[in-house]
Student: 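Have a look at this one before I ask anything.
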Number of protein chains: 2
Amino acid sequence: MNIGEASTASGVSSKMIRYYEQIGLIRAAARTESGYRVYSPTDVETLRFIRRARDLGFSVEEMGTLLALWQDKGRESADVKRVALQHVAEIEKRIHELEGMARTLRHLAGHCHGDDRPDCPILDDLAAVPEPSAKKRPARRPALQNGP
Amino acid sequence: MNIGEASTASGVSSKMIRYYEQIGLIRAAARTESGYRVYSPTDVETLRFIRRARDLGFSVEEMGTLLALWQDKGRESADVKRVALQHVAEIEKRIHELEGMARTLRHLAGHCHGDDRPDCPILDDLAAVPEPSAKKRPARRPALQNGP
DNA sequence: CTTGACCTTCCAATGATTGGAAGCTTTACC
DNA sequence: GGTAAAGCTTCCAATCATTGGAAGGTCAAG
C-alpha cells in the first residue's frame, strides 16, 4: 500500500502523512526498492486514529500522547481521561471567548440601523475610548468587553 | 509620542504596530530626524480601534474593511452591519464545531472508568473503523463526526 | 515506448504574533 | 561631559498545521 492509498483509506492527506513522519509523530514508513513509502493495515489504523483525534481538535502534541497511551497496553484509563477532559476544558474556554464576541457583536448590530445613513453604533463602540477606570461609583459591569 | 507610548496607550504591541504598518493596514508613521516613529493622538485612536476589532475576533482583512468604513464619513451603516453580522455567523459556525467536539469528548469521557485499568472507550472510539457506509437501513445520523 | 498518474525531496507560503540579534538614540544619573 | 540603561531601528526566524509547487524519478496502461 503506497502513500496515496493510505491517504484515501485513512482520510489523512499524503502531505500530512509525510509531515507527521518528519516530526516524529509516526514512525518512518517502510520503503520499496525505489524509495516509495509502504503502509501496512496497522499503519493505516494509526493514521485513522490520528485523523479522528485531529477532528476532535487535539493538537499534534496531544495526539502524540494519545497515540502513546493507545499503544501502551498497560496504560491507566485515568491518564486518557485526563487528557480528554483537559482538552474539553480548553475547548470550552475557547467557546466562551467566542460567545462573548458574538454576544457583543449581536448587541451592537442590533442597535445599528443598517440603512444608507452613516451613523453606526458598531463603529462608535470600536472607536470608543475606554473610561480611565471609574467615575463616581464604579459600574457593576465595566461595560461590554471580554476578559484578559 | 513614540511607538512604545502609542503601544501602551492603545494596547497594541510595538511589534504589531510595525507589522500593521508593514502590511499596509495603517499608514506609515511620521519619523523624527533620527528615524523614530512618531504617533499623534489620532493615530492612537486608530490603533485602539484596531485593538478592539481584534479583540472581537476580526481578521486583519476585516479590520481593514472596518477601518475604511470608519474613516469614510459617507458610509452606509448597512455596510458595517453586514460585515459585523457575517463575522458573527463565522463565530457561531466555529462555536458549533467546538461544541460538537466537546460533546463527543464529554460523552466518551463519561463512559471511561478513569482508573488504573487500561480499558478506555475514548481510545476505542478513536481507533474505531468507520462503518463502510451503511448496513441494512442507513443510519439517520451517520455517527459522531464533523462535516468536510 | 510513450503518456499520465503517482511518488520522491525541498522550499515557500499561509495568519497573527512573538523572539532575538545587531546597532543606533535618547534619557537619566553622577 | 561620560556612561549605562532603556528604548528605538531593521532584519530574520520561529510558532502551528496545512497546502502548494517545482524538479525529477517510477509505475501502470495503452
Student: Nearest whole angstrom, please: distance from the P of D:dT18 to the CG of A:L47.
Tutor: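 Value for this atom pair: 13 Å.
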Student: Rounded off to whole Å, could you give me the CZ-to-C1' distance for the B:R18 and D:dC8 pair?
Tutor: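 Between C1' of D:dC8 and CZ of B:R18: 7 Å.
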Student: So, is A:R31 close to the D:dG25 phosphate, meaning a side-chain N or O under 4.0 Å from OP1 or OP2?
Tutor: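 Negative; the distance criterion is not met.
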Student: To the nearest angstrom, how far is B:E5 atom CD from D:dC8 atom P?
Tutor: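 Taking atom P of D:dC8 as the reference, CD of B:E5 is at 8 Å.
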Student: Is there a side-chain hydrogen bond (donor to acceptor under 3.5 Å, both in side chains) between B:S40 and B:D43 once you walk through the steps?
Tutor: CA-CA 5 Å; B:S40 68; B:D43 294 333; 3.2 Å; yes
Student: Is it true that A:R52 and A:D55 have a side-chain N and a carboxylate O under 4.0 angstrom from each other?
Tutor: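 Not counted as a salt bridge, because no side-chain N and carboxylate O are separated by less than 4.0 Å.
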Student: Taking protein heavy atoms under 4.0 Å as touching, what does nucleotides 10-23 of chain C look like 5' to 3' if B marks base contact, S marks sugar-phosphate-only contact and - marks none?
Tutor: ------BBBBB---
Student: Of the residues in residues 34-41 of chain A, which ones touch DNA chain C at a heavy-atom distance under 4.0 Å?
Tutor: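 The answer is A:G35, A:Y36, A:R37.
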Student: Between A:R106 and B:E92, is there a salt bridge with N-O shorter than 4.0 Å?
Tutor: yes
Student: Using whole Å, what does the distance between atom C1' of nucleotide D:dA28 and atom CG of A:N2 come to?
Tutor: 12 Å
Student: To the nearest angstrom, how far is A:I50 atom CD1 from D:dT18 atom P?
Tutor: 11 Å
Student: I'd like to know whether A:E90 forms a salt bridge (Lys or Arg N to Asp or Glu O under 4.0 Å) with A:K93, so could you lay out the CA-CA distance, the side-chain angles of the two residues, the decisive distance to 0.1 Å, and finally the verdict.
Tutor: CA-CA 5 Å; A:E90 285 164 16; A:K93 178 161 166 273; over 6 Å; no
Student: Show me the pairs that pass salt bridge (charged side-chain N to carboxylate O under 4.0 Å, His left out) and involve residues 59-73 of chain B, at least two apart or across chains.
Tutor: none
Student: Which pairs pass salt bridge (charged side-chain N to carboxylate O under 4.0 Å, His left out) with one or both residues in residues 7-35 of chain B, sequence neighbours excluded?
Tutor: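 Every pair satisfying salt bridge (charged side-chain N to carboxylate O under 4.0 Å, His left out) with a residue in residues 7-35 of chain B: B:E21-B:R31, B:E21-B:R37.
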Student: Between D:dA17 atom C1' and A:I17 atom CD1, what is the distance in whole Å?
Tutor: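 Result: 15 Å.
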Student: Side-chain polar contacts of residues 6-14 of chain A - donor-acceptor pairs under 3.5 angstrom, sequence neighbours left out - could you list them?
Tutor:
from: A:S7; atom 1: OG; to: A:V12; atom 2: O; distance (Å): 2.7
from: A:T8; atom 1: OG1; to: A:G4; atom 2: O; distance (Å): 3.1
from: A:S10; atom 1: OG; to: A:A6; atom 2: O; distance (Å): 2.7
from: A:S10; atom 1: OG; to: A:S7; atom 2: O; distance (Å): 3.4
from: A:S10; atom 1: OG; to: A:V12; atom 2: N; distance (Å): 3.2
from: A:S13; atom 1: OG; to: A:M16; atom 2: N; distance (Å): 3.1

Student: Got a sec, which residues hit side chain to side chain contact (heavy atoms under 4.5 Å, CB included) with A:D119, two or more places apart in sequence or on another chain?
Tutor: A:R117
Student: With rounding to the nearest 0.5 angstrom, report the CD1 to OH distance, B:I3 to B:Y39.
Tutor: 4.0 Å
Student: Would you kindly give the CD-to-C1' distance between B:E21 and D:dT10, to the nearest whole Å?
Tutor: 12 Å
